[in-house]
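Below is one structure, written out as structure tokens; the observations come after it.
Since we're looking at a predicted model, the values are computed, not measured. Quick note on labels: first sequence line is chain A, next is B, and so on, each numbered from 1.
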Amino acid sequence: MKELIDIKLADGSEVSVEKGMTTLEVLKSAGRRLPEGAVLAELDGESVELSRPIESSGALSVLGFDSPRGSEAYRHTASHVMAQAVKRVHPDAKLAIGPAIEEGFYYDFGLDETIKAEDLGAIEDEMRRIIAEDIPVERKELPASEAIALFKERGEDYKVQLLEGIDEDPVTVYTQGDFVDLCRGPHLASTGRVKAFKLLSVAGAYWRGDESREMLQRIYGTAFDTEEALEEFLRLRKEAERRDHRRLGPELELFSIREEIGPGLVIYHPRGAVLRTVIEDFLKVEHAKKGYELVISPHIMRKDIWETSGHLSMQYPMYFFDIEGQGYGIKPMNCPAHIYIYKSKTRGHNELPIRYFELGTVYRHERSGVLHGLLRVRGFTQDDAHIFCTMEQAEAEINDAVRFAFETQRTFGFTSFRIALSTRPDLSVGTSDDWERATDILKQALSDQSLEYVVDKGEGVFYGPKIDVKLEDALGRLWQGPTIQFDLQLPTRFEMTYVGADNQEHTPVMIHRTVLGSLERYIGILIEHYAGAFPLWLAPVQVEILPIADRHVEHSKEIMKIMESAGVRVSINEERETTSNKIRKAWRMKVPYMIVVGDKEIESGTISVRSLAGRDERNVDLDGFISELCEEITSRRSLEV
RNA sequence: GCCGGUGUAGCUCAGUCGGUAGAGCGGCUCACUCGUAAUGAGCAGGUCCGCGGUUCGAAUCCGCGCGCCGGCUCCA
């Protein structure tokens, strides 16, 4: 007679079953069926295989692909299927790691022979065979010493290294046929449960993410529970390609990056310069409203400054050169200059906080492999500010800066964010007391505003911890946006002081913060978010006038003048081409409004209006249209995207 | 910086076996004066990324360098 255990099912009912039954058997004995799409079981909050014997009483439910843990296990199994396929194609391949990631999975292999993109098809074919074979995935617990022996025997050097680095004992090992992997699991019950998958790319990746170690070969893939979901994923990838700012930017004549000028260096064309100027003007006005003073500092500063700041000893990626025997560095940050403005006179506590704002263009020597369109460049302009205040004022100032950042992001059309708190990195200056204090104040500010965040351990700047805000765009992608950094180091290093109420000298604290991040990156993000179809207030050309024939040009120019004097950015297409083609061209340049002017309009004194958003209307009153435009511009409304 | 891929006209791309370079779009010229997502014809446009090598001969094969793309590491 077997021992009985009590299992509480998801619907609240309870059943008594024999110990050691699997989820499937428990459900069966309770007269229930395994739900369609079940991937994992959850027993008392722990996710386990559907095939795992249940050894103790508890609450049992079933997870599908739609649950985060379900899709993770699903993709993790897909990565094992891929690894098994790779081992069949390349028996010499050594297994490293192969987790599920946000949108799929990868697996890293050590292999002398290189895996090429065109080899992926063959690996996919092998994966299909493994899935068709429907091999059971078996979980085993092994003493660590046995596992080490097992993987040594199989020549899995990386697995042995992993085992030697972990304290767990026993460890779990998953087996499917001839394939064995060290893995915590959980997994699908068998390889046949993987329905829709695709291998996406091959890439290099350092063993354990450490660039001093050897490089492995990584294969990326994704898996879904239905072909439709996979198709949708691939469609979204195509859509992302269509929005790529590296393609749209030059196409919309916003900017270009040319080898002749230099990699990572952006040249703004007239339309891009308009866009950027609109953003800059907006920022200047908003900062003034919030009590920031505009300052301007030079692009190069003496090397000594960067010694004092710590940039030199932190090996910050800078450009250096000499002028008449004197060493200079091109600024990678604006802070030192702002510090010297502060230091230009004796400061009293009644003056604080002091807030200096600069659209500061900085240059950083980014390694060649990391450059990426506008998102990662070597020269960029930050909407940078430094707030100098007392320790007591810091929390309120950080709160204000965070609120300012979010408020501004909403104006630009972003509504969903992820926040990260980055703590002390390995290479840094200052005492651990200071770091702890600074980190606590940032945490306090985040909880003051009940903002949820994750902690990025060791991701802070060398002088202090920071809050990073990531923006979620129209396609659900995340982008690096504002950053708020708390700094207890530079004020000391630069011997900054203020005279307190006690008539003694004190050291102020310093907050570095941006609202958009960098204008280059932000413009790149805006292009992708709006697919180039900017809200009216940002559109480089807001209205394009299309005269039907030459005789309509003069009247069109009059309309243009009226609109321009109302502050609208207007262009006119005087080419001798068909109206259809003029519309097509304006459309392609994503001009929000098109005005057609012909005999009828001149006669009736009206205009015909077309918009990117789909409006198509005749006999529109010009003055009424202009006030509509002005309203849309001043309200800074975002289009539906 | 590292791994892999890639580089032909302003853009997108074709170019066979190594035999001296092509299309579409765009540009320019001409004609057309046109009513809501491509009017027609003609013309111009090339250091085939750069340097070196192999060869009678290189866009094509090899080496090195550079840029770009996908990642890693790094990051606003």
Side-chain angles (χ1 to χ4, degrees), chain A residues 106 108 111 114-119 200-220 241 244 246-247 250-251 253 256-264 315-317 332-334 360-362 364-384 422 425 427 459 461 466 468-469 479-483 485 512-522 524-525 546-553 575-588 594-601 608-610 612 616-618:
Chain A
Y106 66 80
D108 287 347
L111 179 64
T114 56
I115 300 170
K116 295 185 180 151
E118 57 260 36
D119 303 332
L200 300 169
S201 59
V202 280
Y206 298 108
W207 167 230
R208 305 198 127 177
D210 180 346
E211 63 179 317
S212 67
R213 296 185 201 246
E214 68 264 41
M215 185 151 275
L216 306 173
Q217 300 187 59
R218 174 173 297 180
I219 304 178
Y220 282 93
E241 217 172 289
D244 194 327
R246 291 167 300 180
R247 191 178 63 80
E251 212 169 281
E253 295 175 18
S256 59
I257 298 174
R258 298 195 53 100
E259 192 178 342
E260 296 89 328
I261 299 285
Q315 296 159 41
Y316 206 83
M333 291 187 187
N334 306 296
T361 303
V362 298
R364 298 182 185 172
H365 184 190
E366 301 295 345
R367 293 145 109 197
S368 59
V370 306
L371 300 175
H372 184 94
L374 292 181
L375 301 182
R376 194 71 187 275
V377 291
R378 286 189 172 146
F380 57 100
T381 301
Q382 297 177 301
D383 56 334
D384 199 9
S422 301
L427 256 183
E459 295 298 314
V461 207
K466 61 173 178 170
D468 275 329
V469 178
W479 308 91
Q480 176 61 48
T483 177
Q485 307 171 348
H512 311 236
R513 43 102 288 173
T514 62
V515 154
L516 300 184
S518 98
L519 293 183
E520 281 71 16
R521 176 174 282 179
Y522 203 70
I525 297 170
L546 316 176
I548 284 178
D550 286 355
R551 64 177 179 279
H552 308 124
V553 168
E575 298 292 312
R576 298 178 62 173
E577 37 187 6
T578 59
T579 308
S580 295
N581 205 27
K582 288 180 181 178
I583 286 172
R584 180 172 165 267
K585 283 182 175 172
W587 205 279
R588 232 177 23 189
M594 289 156 265
I595 291 181
V596 179
V597 176
D599 291 334
K600 291 177 200 161
E601 284 76 13
S608 292
V609 175
R610 236 179 189 265
L612 261 192
D616 187 359
E617 204 178 330
R618 315 294 153 99

_To the nearest 0.5 Å, what is the distance between CZ on A:R376 and CD on A:E520?_
13.5 Å

*asked:* Give me the distance, rounded to whole Å, that separates B:C25 from B:A44 when you measure between the C1' atoms they each carry.
replied: 16 Å

_By nearest atom, which of the nucleotides B:G67, B:A38, B:G70 is closest to the A:P263 side chain?_
B:G67

*Rounding to the closest angstrom, what is the interatomic distance between B:G5 and B:C64 at atom P?*
13 Å

*Do A:Y206 and A:R208 have side-chain N/O donor and acceptor atoms under 3.5 Å apart?*
no

*Kindly indicate, with the supporting measurements, whether the criterion side chain to side chain contact (heavy atoms under 4.5 Å, CB included) is fulfilled by A:L371 and A:V377.*
CA-CA 6 Å; A:L371 300 175; A:V377 291; 5.5 Å; no

*Looking only at side-chain atoms of A:L371, point me to the closest of B:A76, B:G35, B:C68.*
B:C68

*With heavy atoms under 4.0 Å as the rule, sort A:R513 into base, sugar-phosphate or nothing.*
nothing

*Considering only B:A76, B:U36, B:A38, which nucleotide approaches the side chain of A:R584 most closely?*
B:A38

_Selected nucleotide, minimal atom distance to A:R246 side chain, candidates B:A76, B:U36, B:G70_ = B:G70

_Can you work out whether A:A549 or A:T114 has the more 5'-proximal nearest nucleotide on RNA chain B?_
A:T114

*Polar pair under 3.5 Å, donor/acceptor by atom type, side chain A:Y206, base B:G1*: yes

*Would A:L375 and A:W479 satisfy side chain to side chain contact (heavy atoms under 4.5 Å, CB included), going step by step from the backbone distance to the final call?*
CA-CA 9 Å; A:L375 301 182; A:W479 308 91; 3.0 Å; yes

*Pick the C1' atom in B:G52 and in B:G45, then give their distance to the nearest Å.*
29 Å

*Does a sphere of radius 6.0 Å around CZ in A:R247 hold more than 12 heavy atoms from other residues, nucleotides or ligands, not counting ones at 6.0 Å or beyond?*
yes

*Give one of base, sugar-phosphate or nothing for A:D550, where a contact means two heavy atoms less than 4.0 Å apart.*
base

*Please state whether the phosphate of B:C74, meaning OP1 or OP2, lies under 4.0 angstrom from any side-chain nitrogen or oxygen of A:R376.*
no

*In whole Å, what is the span from the NZ atom of A:K585 to the P atom of B:C11?*
18 Å

*Determine the Euclidean distance between corresponding C1' atoms of B:C56 and B:C11; express it in Å to zero decimal places.*
38 Å

*Are the ring of A:Y220 and the base ring of B:G71 both nearer than 5.5 Å at their centres and tilted by less than 30°?*
no

*Which one is paired to B:A41, where only Watson-Crick or G-U wobble pairs with both distances under 3.5 angstrom count?*
B:U29

_I want to confirm an ordering. Mapping A:E459 and A:T579 to their closest nucleotides on RNA chain B, which one lands closer to the 5' end?_
A:T579

*If we take the C1' atom in both B:G10 and B:G53, what is their distance in whole Å?*
33 Å

*Rounded to whole angstrom, note down the C1' distance from B:A76 over to B:U8.*
36 Å

*State whether the distance check finds a donor on one side and an acceptor on the other, under 3.5 Å, for side chain A:E601 versus base B:G35.*
yes

*asked:* Heavy atoms from C-beta onward define the side chain here; which of B:C66, B:C72, B:A37 lies closest to that of A:R610?
replied: B:A37

*For B:A23, which nucleotide in any strand shown is its Watson-Crick or wobble partner with both distances under 3.5 Å?*
B:U12

*When rounded to the nearest Å, what value does the distance between C1' atoms of B:G22 and B:C61 take?*
23 Å

_From C-beta outward on A:M215, which listed nucleotide comes closest to its side chain: B:G35, B:C74, B:C3?_
B:C3

*For the atom pair CZ (A:F380) and CD (A:E366), what is the distance rounded to the nearest 0.5 Å?*
6.5 Å

*Complementary nucleotide for B:C48 - Watson-Crick or wobble, under 3.5 Å*: none

*If we take the P atom in both B:G4 and B:G15, what is their distance in whole Å?*
26 Å

*Could you check whether A:K600 gets within reach of a base, just the sugar-phosphate, or nothing at all, counting any heavy atom under 4.0 Å?*
base

_Can a side-chain donor-acceptor contact be found between A:T483 and A:D468 if the only test is distance below 3.5 angstrom?_
yes

*asked:* Need one value for A:D468: base, sugar-phosphate or nothing, where a base atom within 4.0 Å counts as base even if backbone is also close, heavy atoms only.
replied: nothing

*With respect to the side chain of A:T578, which nucleotide from B:G71, B:U36, B:U39 is positioned closest?*
B:U39

_For atom CD1 of A:I525 and atom P of B:C75, their distance in whole Å_ = 17 Å

*For B:C61, what is the paired nucleotide under Watson-Crick or G-U wobble rules, both distances under 3.5 Å?*
B:G53

*Has A:H372 got a side-chain N or O lying under 4.0 Å from the OP1 or OP2 atom of B:G70?*
yes

*Does B:U6 have a Watson-Crick or wobble mate here (both distances under 3.5 Å), and if so which one?*
B:G67

*Check every atom of B:G70, B:A76, B:G35 against the side chain of A:A203 and return the nucleotide holding the closest atom.*
B:G70

*Scan every strand shown for a Watson-Crick or G-U wobble partner of B:C17, both distances under 3.5 Å, and answer none if you come up empty.*
none

*With respect to the side chain of A:R521, which nucleotide from B:C75, B:G71, B:U36 is positioned closest?*
B:C75

_Heavy-atom closest pair, residues A:R218 and A:D108_ = NE-OD1, 2.7 Å

*What's the closest nucleotide to the A:S580 side chain, out of B:A76, B:G70, B:A37?*
B:A37

